[in-house]
Every structure is written in C-alpha cells, then in structure tokens.
Amino acid sequence: MSITEILTNIKPLSRKQIAWRAAQDVVDGSYVNLGIGIPTLIANYVVPDKEVVYHSENGLLGVGPPPKPGKEALDLVNASKQLVTLRAGGSYFNTAESFAMMRGKHLTSVFMGAFQVSEHGDLANWATNDKGLMPSIGGAMDLSVGCKKVGVLMNQLTQDGQLRILKECSYPLTAKGVVKRLYTDLAVIDVTPAGLVVREKIVNLEFAVLQQLSEAKLRLADDWCELVPPEIL
Amino acid sequence: MSITEILTNIKPLSRKQIAWRAAQDVVDGSYVNLGIGIPTLIANYVVPDKEVVYHSENGLLGVGPPPKPGKEALDLVNASKQLVTLRAGGSYFNTAESFAMMRGKHLTSVFMGAFQVSEHGDLANWATNDKGLMPSIGGAMDLSVGCKKVGVLMNQLTQDGQLRILKECSYPLTAKGVVKRLYTDLAVIDVTPAGLVVREKIVNLEFAVLQQLSEAKLRLADDWCELVPPEIL
Amino acid sequence: MIDKRMGSISETLQGLLQDGSTLMVGGFGDAGVPFELLHGILDAGARNLTIISNNAGTGNRGISALLNAGRVKKIICSYPRSRGAIVIDRIFKANEIELEVIPQGTPIERIRCAGAGLGGFYTPTGAGTPLAEGKEVRLINGREHLFEEPLRCDLSLLKADRADRWGNLVYSKAARNFSPIMATAAEHTLVQVREFVALGELHPESIVTPGIFVDRLVVIGEAS
Amino acid sequence: MIDKRMGSISETLQGLLQDGSTLMVGGFGDAGVPFELLHGILDAGARNLTIISNNAGTGNRGISALLNAGRVKKIICSYPRSRGAIVIDRIFKANEIELEVIPQGTPIERIRCAGAGLGGFYTPTGAGTPLAEGKEVRLINGREHLFEEPLRCDLSLLKADRADRWGNLVYSKAARNFSPIMATAAEHTLVQVREFVALGELHPESIVTPGIFVDRLVVIGEAS
C-alpha cells in the first residue's frame, strides 16, 4: 500500500487533537513546560479540575491563557513570545533560576516538538542537515536533559513524506536517550529499554502499516487500545 | 631593649584607634565588607560625608548602625550576628548572591582581623595549630580571594608577645598573597611585590624597634609619616 | 488542587525522616533558623544525622538540642565558633562528632550546583590552603582553583515569613540567607512559616522561592 | 554621594564603547530589550562588535539595526530563528556573520559563573550532541558532562522598570530574564529604566538587582 492509499483509509489526528491526547497525560498538581508549536496548545485541553503550574523558560511559573483584548502586557510573554497572563500564585524569576528548575529535574514533565526521534529516545529538534536553515536551540537541550518526563509531539511523517521515527537520528542531536513518550498523528508510542512500544493507535490503522511508517522497530503492547480523539474544530 | 621597655616609651593604638586609621582609607561611594571583631568598628569612624555601602555576607547591602532601643528586629543581623539596621537603598539577598559579590570582585574593599600575615600577603585567620580550638572560616576565604583590596587589622603582637608578621605563616592559611595593607597598633604597612613597606608608624617608635616586632623584613617608605590617632574613649 | 500545608510539625515530618538522613538547615546565627522543625526532628527520634548548616547552634535549642541529645553523627558548617556555642564546643573537644568546616561560599555554591542540575564547579576559594588537600586543583587563567561537587540532602528544613498554598515563599530581612538555595537541593523541602496567605497575595515579582521548590509547609505563627 | 544617573544615552555610553567591544544585551523576544541603548550604540558608530543575547533581533530595530548596519562581527545566542527575524536570516544565509548558537541554559550559567568569580562548571546539557565537539567531557555519576568556561563582557546593556540613585533595580514581569545575571559579569553595566525613584522607595526585600552591579543608569520613560 502506498502512503497515499493508507491515508485515504484513516483519519490522522489534527495538531489540536495531538495536543488533546498529550493533555490527557498532564497530572493534577504538576509543573509542566510546553514547547514552541503544537505543545503550546496542550494547556487548552487540560480539564480545569486539574491544577497545573505551567513553566516558561523565560522566567515564569503559573502561565495563564492569552490576555483579553485591551488587557495585554507587552512584557508578559511565554517562551514562544506569545502574549500570556499570569495566574494567581504565579511568579517571575531570572533565566538562571528558570534553567536551574529545568536542568535540576524540578519540572514534572515537558512536551516538545521534534524533527526526529530514535528508538533509543534520542531527540533531534534544533537543526537539520540543511546548512541554509538557521539553527536555534532555545531551552530544548536543557529541558530534555533535565526533565523527568519528556514527551514529543510530532506528525509521524514530515510534510514531504519522510520518516521521523528512526533507528538513529540523521539530524544533529538535541540530547541522547531522553524521550519517554511520542504523541504522533497516528499513535502513542513509549520509549522503553526494550525498544518502542505502541500503546495506542488510531482506528483502522493496521499495526503493520504503522510499522511501515517508522524506521525503528515497533512492538504493539498487549494492552494497546484505540486512540479516539474528540472532534476539535 | 625588651618588649616591656619598648612599650613603656610608646603609646600603641587602641582597638578603636586601629579602626579609626582603617576608616581613613574607606572611599566615598565604595562597597565595603567589615569582618568580625575590630573591623566592625570601622564604620563608626568613617566621616558622614562619605556615602559608603556596607556589605554583610549573610545577605545585606546598606548595613546601618545598631538599632535604637525598642527598634530591634531579630532577623536583621550582620555577619558578626549583631543587631543592625538597614539604610534607605539597602537590600536583602541570599547567601549565593552575597558570595557572588564577594568572590566576583564586586566589593571595593574588605577589612579583616588575622592571627598571622606573611611578607607575601598570605593570610591566616581561621585556625591555629591548637587542635582544641574549634576552627571557623565563615566568609574569610571567599572575601580574601575575591576582593580587590584586602586590609588586615591586628595588633603587632599576640597577647603573649608572639610575632604575627612573619616570613611564612605557621598557622593554616586562609588564602595566599591576598593582603594589601596591614593596620596594626604600631604602624601601617603595605604588602608590595618588593616586600613589606612601612607607610606610617606611631610617635617615638624607632624603625629598628618596629623591625624587631616583625619576623618579615620591613622597609621604611621614603615618604613615611607619623601615625597620630585622635584620642578615642 | 495544590495545597502544601500540613496540620502540624509531626505531620510535616511524617514518613520523610530516617536514621542516617542528611539535613540542610537554613539560618545564619538565629536569623532564619527553623527551631520548631528542628525540635520536631528531636521528638521524632532520628539518629546518626548529618547536618549541613552555617553555624552549629548556640544555647540549648535547635541544632544544639540535637547535638546535645547525641543525634548528630556529622556536621558540615562554616562557622561553629560563636558566643554561646557551648554544646558544639564541648562535643568537639570531647571528639564526639565529625566536624567539617568549609568556607561559606563553597557549600552554598555546591548546594546551588545540585539544585541546578550541574555536575560541579571550580572555585579559587581554599586553593593553597589545607582545605585543598585531596581535591582536584586546576589552573585557570594562571590561578589555582579547586573542584567542588554538588551537595544534596534528604530534607531541607527552612523558615520563611509568609507562604501561600502553592508553597511560594518570602522571607523576613536577613533571615533569607541560605534558605532559597537549600530549597532547591533536597529530596523534600519542609518549611515553617510565620503566616499563611491566600494565593495571589504574594506579589509575583517579589516571591523569593517559587513553590516548585517546596514540598510541605507548616504554619507556626510568631516562632521562638 | 552615589548617583549613577546619566543625563542622556550618549552620556551613558561615553568613554566605554570601542570597536571590538563585547556586549551582553538583556531581553527575551522584545521583553526587556534595551532598544534605546542599542540605538545609542548605533549612533556611537562602534564596529566589529560581539553580541551575546538570547535572540538576534526582529524587524529593523535594536540588534537588527546593528546587524543591518554591519556593525556586528559575531553573535552568540540561543534562538535567532523567529517570525520577523529577517535581518539575521539574510546575513546568516549570505555568510556575513559568525553565528554561535548555544543552549540557553549554558550562556546564562557561564555569565553567572563569571559574575560569581568561579572558574567554570560542568553541565549535562549538550553532551552527546555536535555541541560537545572540542569540549572537555567528564563522566560524573555515570553521565557525560561538558566543561563550560565563565563568560564576561565589556558592557552589559539592560532594561529595568524602576531604579534609585544607588542603581538598585526592579524589572517588569517577564522582562527580567537575562538582565539580573548579565549585570554581574560586565566591566560596566549600563541600564535604561522607565522610572527613577527616591532612595528607599524600592522595598529592600523586593530589589532584584542590588546597585553594586550597576554602573550607569539612564531614564527613558515609556520606552519603545
């Protein structure tokens, strides 16, 4: 089956649905950092009865939703440089203190985007092999070496159909052996000492087909279940 | 001449007078740390038209005089654990920040006590060779390695008549080659690359006698002058 | 829902203290010392403790009380000598304790290093002195530096002035000293506070220790 | 008498800026960027500058203006890519600048290290990646760490919210970011502030940067 044929039979998750799925793993009372891109959307899908303290590496704990029109404060931005608010209980601190929280394993979990992930949990998300693309690291390296739970949100394939889940990353690494869970548009995959384990996959997606979309060997968990996201506009 | 005979002909400075002499070297607009003991008295003799910011290693800048009776705050102490006040413009910070100021050469000058000083400016002020004396370092090592100008205030001799200015310290060192100026009860002595140079000595004290009271070789500066302290009760 | 408040000192220590535990204790002189938590440790009966603190107690309370009761195997501090430091002086002279005296800037930086997830650092402090013995020495820009390792602990015992249910802390004057750094390097950080305030009452630009570093709080009121 | 206020941007820079100077520039995105001081640098005409900053400017102002005018030889930053980062993108692709991209936690810690008088440190960040090339690697507790050196500069250019004549600073919200640390590692620290207040008006427990780290201040009012 070609990728085109595969994709006519299934319904991959949208960016928002991927964020929704990751949001289900956010724990009440936890300290969470959301990376630039899809991960930033996660906060929208965490149910309000979970009290979660969002960290932003530019020096904030307790990041809240975007400000109401007319209430914007230009000095109150998140790591994606979007205008945000600060919740009651939030605090400001300097970059050294912020990165101490990150490297020092004080955050509960971090969710990031990626170009590639290897079967060992190696992460590549700051540069490609295209010398014309300006490299940018930001907090990605510190977050990934320092955080207890690193989740990666990305589509299973690149826009031009290249695999992203590989035996070894071909792009420059962000950190080795740090990714714990992958949230793709097709599946939820854990990185374990025994290799990649598929915990959830979307409806009508054969495991053999999912394996075709990963260079790294996958194993289907005995207790796997279907990944059924809500409709999100 | 015996030391007893010497001491009948001269009038050594009192502790307060030593502090007064050191106070003359405190510069307007400077950041100054005063060690435990005689150095703490220096602030009393700095003329009020000099604006000096006193640092205390437990996390204060802008230390002021002792509180008036009834105005004491038990949480407002200096490094000698004496109750103090904080001047307008003063600030509180944690110990890591305080020691960053000290090691990072941000202070203008520090004045400390000492057991011994060598002709190379080696400082010994935290332990003796008496195993029964509990050693205590506090901020002395960090202050002495980090400060641009380290002044030492001490009597020329110990209470039992031992020399304190030596070729090499016999007590455990606090730091090597850090002392810039000595303020004793008899003289003001600079530590220079060419050795110890006497800048000032008290009235009626022969240089040859002063040399007897220092194991390290002294040189009398061409422009030496008499050290004439005011009467201080 | 985050609420780090405990109902009592004993509840605050519950399940966290063991024989052989390493404790960091905030404070400089008496300012910032969590006396009530220390007396809770005494009541809890733990032995063979290692204490990391600037001083080693004065009079008969706090660290002195633990020392006097023979609960402390080792104390790491910068300045044990002090008017009124009668207990440490006695047991030091009687050779009944392992006393490690280190320059104040080094433990605070080692504690920060641990809390910040770093692997160690070089300091000029202590180079060329007896404290350099057994340490790696490195010449950096022509100057000797000593290698120092991160320093962590099982429990940090701290005193703050005000706190909210997220564990955000502000301190009183010079009682701040070691506490904001010790909060970052403990398996569990326990804080006694004078006053508990509603979430949002502490100004976000004035919070000194963000609650992420705090595990449990106990409200003491005007402490001893 | 201490009064760190200068009368103008040009007076603030007077005598301190040279061709080849290394500048640290506070800010994250636009928050905390000292645009007026940067434009003062542009007016002063210095060349061959090295800039250390989190980002590399957007639009045509601030760092972008200096880049566009060909004044910058090298830029050390963590995240040059950005919507609107047109100037850095163009000159990077045209190979007209030396761009060193490093993980954000490493420069801030290197700057702190310099300001704190330490000789270097080990971090796990960057180990096992191309950034480890040419760096000393040390295994600490079984984990690879890289050795990083202190990072200092000639001038730190910062933006604060309020200041007094001693140079005590408080910042506005997330505009704080790199500035309190950059203030500690410069030969001279220059700060543009929104508002000047009387000595004693800033609360001593809320001062973020004590004046000891600040050399000169200039009051800008509501900045661009």
Side-chain angles (χ1 to χ4, degrees), chain A residues 26-33 46-64 73 75-77 84-110 139 141-148 150 175 178, chain C residues 1-5 108-121 149-153 156 160 162-171 176 179-189 196-217:
Chain A
V26 171
V27 176
D28 185 30
S30 65
Y31 297 89
V32 177
N33 183 293
V46 174
V47 294
D49 57 326
K50 290 184 191 169
E51 189 170 44
V52 177
V53 180
Y54 294 104
H55 172 267
S56 186
E57 57 256 46
N58 53 324
L60 297 85
L61 273 172
V63 177
D75 287 333
L76 186 33
V77 295
V84 292
T85 51
L86 195 78
R87 294 189 50 193
S91 55
Y92 301 107
F93 35 84
N94 71 47
T95 305
E97 294 169 306
S98 187
F99 278 73
M101 291 176 196
M102 293 155 66
R103 257 190 334 255
K105 300 194 185 301
H106 301 286
L107 297 174
T108 318
S109 54
V110 57
M141 287 192 181
D142 297 283
L143 278 167
S144 55
V145 301
C147 193
K148 285 169 270 192
V150 177
V178 293
Chain C
M1 169 79 170
I2 301 170
D3 192 347
K4 301 189 176 180
R5 253 179 314 175
I108 194 70
E109 200 61 33
R110 290 180 60 196
I111 296 166
R112 181 184 178 277
C113 188
L118 298 170
F121 62 92
E149 295 184 334
L151 183 61
R152 33 189 118 249
C153 67
S156 275
R162 283 180 299 155
D164 61 29
R165 67 177 172 83
W166 279 16
N168 292 308
L169 306 178
V170 297
Y171 300 88
R176 182 183 306 192
S179 296
I181 304 299
M182 287 180 167
T184 70
E187 209 56 51
H188 293 92
T189 294
F196 186 81
V197 301
L199 201 67
E201 206 167 301
L202 301 177
H203 194 285
E205 313 223 27
S206 302
I207 288 169
V208 176
T209 295
I212 190 171
F213 295 122
V214 173
D215 296 283
R216 298 183 183 177
L217 287 176

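Bear in mind the structure is a predicted one, so any value in this text is a computation, not a measurement. Residue numbering restarts at 1 for every chain, and letters A, B, ... go by the order of the sequence lines.
- Contact tally against chain C (heavy-atom pairs below 4.5 Å) for A/Gly104, A/Gly146, A/Gly29: the top residue is A/Gly104.
- When the heavy atoms of residues 198-207 of chain C are compared with those of chain A, the residues falling under 4.5 Å are C/Leu199, C/Gly200, C/Pro204, C/Glu205, C/Ile207, listed by number.
- Between the side chain of C/Asn168 and the main chain of C/Pro210, no donor-acceptor pair closer than 3.5 Å is present.
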Inset, instruction - Dump the intermediate steps for side-chain contact (heavy atoms from CB on, under 4.5 Å) on C/Leu118 and A/Arg103, then the final yes or no. - result: CA-CA 7 Å; C/Leu118 298 170; A/Arg103 257 190 334 255; 3.4 Å; yes
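- Ranking C/Ile212, C/Val208, C/Asp164 against chain A, the residue ahead of the rest is C/Ile212, based on heavy-atom pairs under 4.5 Å.
- Sequence neighbours left out, not one pair with a member in residues 89-102 of chain A passes salt bridge (charged side-chain N to carboxylate O under 4.0 Å, His left out).
- By the side-chain hydrogen bond (donor to acceptor under 3.5 Å, both in side chains) test, A/Arg87 is found to be paired with no residue, residues two or more places apart in sequence or in another chain being considered.
- A side-chain contact (heavy atoms from CB on, under 4.5 Å) with A/Leu107 is found for exactly one of A/Val150, A/Val53, A/Asn33, namely A/Asn33.
- Judged by distance alone, the side chain of C/Arg110 and the main-chain N or O of C/Glu149 form a donor-acceptor pair under 3.5 Å.
- Checked against side-chain hydrogen bond (donor to acceptor under 3.5 Å, both in side chains), C/Tyr171 has the following partners two or more places apart in sequence or in another chain: C/Thr209.
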